[in-house]
Amino acid sequence: MTKPIALLFTFLLLTSTSNAQPLSPFTSDGCSRFPNGTPAQQDLWLGCCEQHDLAYWRGGSYKERLSADDALEACVAALDEPVIAAIMYMGVRVGGTPFAPTDFRWGYGWPLYRGYKPLSEQEQQEVEAALTKFNAEPINKMK
């Protein structure tokens, strides 16, 4: 009987802690652990990665993550880099899981282990407020 109560208490503590923490400001590290472009054009696909970071920062459902990853692949492929696009796609599919404690995971703007779930109305409002503030400030690069 004590074990189920302890598990329930732990679950409630973790749930209340994660809900109490607000969305962190948007940051981007470009293409994370991948080059931002070619040696000749060093920022060639950086804009694609920054848009992808925005989607990952926001988080949401599994379907939204898949859509963000597809958009990254399409964006880089449209720059006449289909092989790079395919490599990047494979990398984000493997490395972008929301269940790893990385600074580039799906939903990295939220506390750890949010997982895959659509944003609530309150969370969506937080995202919109953060984006409004972000548009008034220069991009904050992660170190």
Side-chain angles (χ1 to χ4, degrees), residues 4-143:
I5 293 172
L7 288 173
L8 177 61
F9 178 77
T10 303
F11 174 77
L12 292 173
L13 180 64
L14 290 174
T15 303
S16 65
T17 300
S18 67
N19 289 339
Q21 295 176 330
L23 178 66
S24 63
F26 173 67
T27 57
S28 176
D29 64 355
C31 297
S32 298
R33 309 300 191 272
F34 198 83
N36 293 330
T38 66
Q41 294 176 283
Q42 295 184 1
D43 293 335
L44 181 59
W45 47 78
L46 176 60
C48 301
C49 293
E50 289 174 340
Q51 286 299 310
H52 188 253
D53 283 354
L54 189 59
Y56 263 56
W57 163 79
R58 177 190 180 279
S61 69
Y62 178 81
K63 189 175 182 179
E64 289 171 304
R65 178 179 171 215
L66 186 58
S67 178
D69 293 345
D70 289 345
L72 173 65
E73 182 179 30
C75 184
V76 176
L79 298 170
D80 291 328
E81 295 290 349
V83 174
I84 295 297
I87 293 168
M88 291 174 84
Y89 181 82
M90 288 184 284
V92 296
R93 293 306 303 154
V94 171
T97 177
F99 306 111
T102 63
D103 58 359
F104 51 83
R105 71 183 186 284
W106 177 250
Y108 69 81
W110 301 102
L112 284 174
Y113 311 118
R114 183 181 185 283
Y116 294 112
K117 63 181 179 178
L119 270 56
S120 68
E121 189 173 317
Q122 179 182 353
E123 289 170 329
Q124 184 59 41
Q125 289 172 357
E126 283 186 64
V127 167
E128 290 170 12
L131 290 177
T132 299
K133 183 178 179 182
F134 170 72
N135 286 333
E137 298 176 2
I139 192 166
N140 179 15
K141 297 284 188 182
M142 283 193 262
K143 300 293 182 213

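Scope of the values below: all heavy atoms of this structure, side chains included, with no hydrogens, waters or symmetry mates. If you're wondering where the values come from, they're calculated on a predicted model, not measured in any experiment.
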Trainee: May I ask you to decide if A74's main-chain N or O and Y89's side chain share a donor-acceptor pair within less than 3.5 Å?
Mentor: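 Checked: no pair found.
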
Trainee: Which distance, rounded to the nearest 0.5 Å, do you find between the CE of M88 and the CD1 of I84?
Mentor: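 Atom-to-atom, M88:CE and I84:CD1 are 8.0 Å apart.
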
Trainee: Does any N or O in the side chain of W57 come within less than 3.5 Å of the main-chain N or O of V127, such that one atom is a donor and the other an acceptor?
Mentor: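 It does not hold such a pair.
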
Trainee: Is any side-chain heavy atom of R58 closer than 4.5 Å to one of L23?
Mentor: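 Answer no - side chains too far apart.
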
Trainee: Distance from E81 atom CD to T38 atom OG1, nearest 0.5 Å?
Mentor: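 Taking CD in E81 and OG1 in T38, the distance rounds to 6.5 Å.
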
Trainee: Could you tell me which non-hydrogen atom of D29 sits nearest to which non-hydrogen atom of S32, and how far apart they are?
Mentor: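 For D29 versus S32, the nearest heavy atoms are OD1-OG, 3.1 Å.
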
Trainee: Please report the shortest heavy-atom distance between F34 and I87, naming the atom on each side.
Mentor: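 Between these two residues, the closest heavy atoms are CE1-CG2, 3.9 Å.
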
Trainee: Taking the side chain as every heavy atom from C-beta outward, state whether E123 and E128 have any pair of such atoms under 4.5 Å apart.
Mentor: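 Sidechains of E128 and E123: no contact.
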
Trainee: Test R114 against L119 for side chain to side chain contact (heavy atoms under 4.5 Å, CB included), laying out the working first.
Mentor: CA-CA 10 Å; R114 183 181 185 283; L119 270 56; 3.9 Å; yes

Trainee: Considering only heavy atoms from C-beta outward, does the side chain of C75 approach that of W45 to under 4.5 Å?
Mentor: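 Answer no - side chains too far apart.
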
Trainee: From N36 CG over to L44 CG, what is the distance, rounded to the nearest 0.5 angstrom?
Mentor: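 Rounded to the nearest 0.5 Å, the CG-CG separation comes to 10.0 Å.
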
Trainee: Hey, could you give me the OG/CG distance between S24 and D103, rounded to the nearest 0.5 Å?
Mentor: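 Rounded to the nearest 0.5 Å, the OG-CG separation comes to 10.5 Å.
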
Trainee: Look up atom SG in C49 and atom CG in L54, then write down how far apart they are to the nearest 0.5 Å.
Mentor: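 The SG atom of C49 sits 13.0 Å away from the CG atom of L54.
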
Trainee: How close do V76 and C48 get, counting heavy atoms only, and between which atoms?
Mentor: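 That closest heavy-atom pairing would be N-SG, 3.8 Å.
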
Trainee: Taking side chain as C-beta onward, heavy atoms only, is P98 less than 4.5 Å from Y113?
Mentor: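 They are not in side-chain contact.
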
Trainee: So how far is it from W106 CH2 to S61 OG, rounded to the nearest 0.5 Å?
Mentor: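 Spacing of CH2 (W106) from OG (S61) equals 7.0 Å.
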
Trainee: Check this for me: Y62, atom OH, are more than 12 non-hydrogen atoms of other residues, nucleotides or ligands nearer than 6.0 Å?
Mentor: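 Counting other residues, nucleotides and ligands, OH of Y62 stays at 12 neighbours or fewer.
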
Trainee: Work out which heavy atom in R65 is nearest to a heavy atom in V94; give both atom names and the distance.
Mentor: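 It is NH2-N, 4.4 Å.
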
Trainee: Given side chain to side chain contact (heavy atoms under 4.5 Å, CB included), test E126 with E121 step by step and report yes or no.
Mentor: CA-CA 9 Å; E126 283 186 64; E121 189 173 317; over 6 Å; no

Trainee: Which heavy atom of F26 sits nearest to which heavy atom of Y108, and what is that distance?
Mentor: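 The pair with the smallest heavy-atom distance is CE1-OH, 3.5 Å.
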
Trainee: With a 3.5 Å cut-off and no angle check, do the side chains of Y56 and R105 form a donor-acceptor pair?
Mentor: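 No.
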
Trainee: Are side-chain heavy atoms of V92 and F104 found at a separation under 4.5 Å?
Mentor: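 In short, these two side chains do not touch, never coming nearer than 4.5 Å.
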
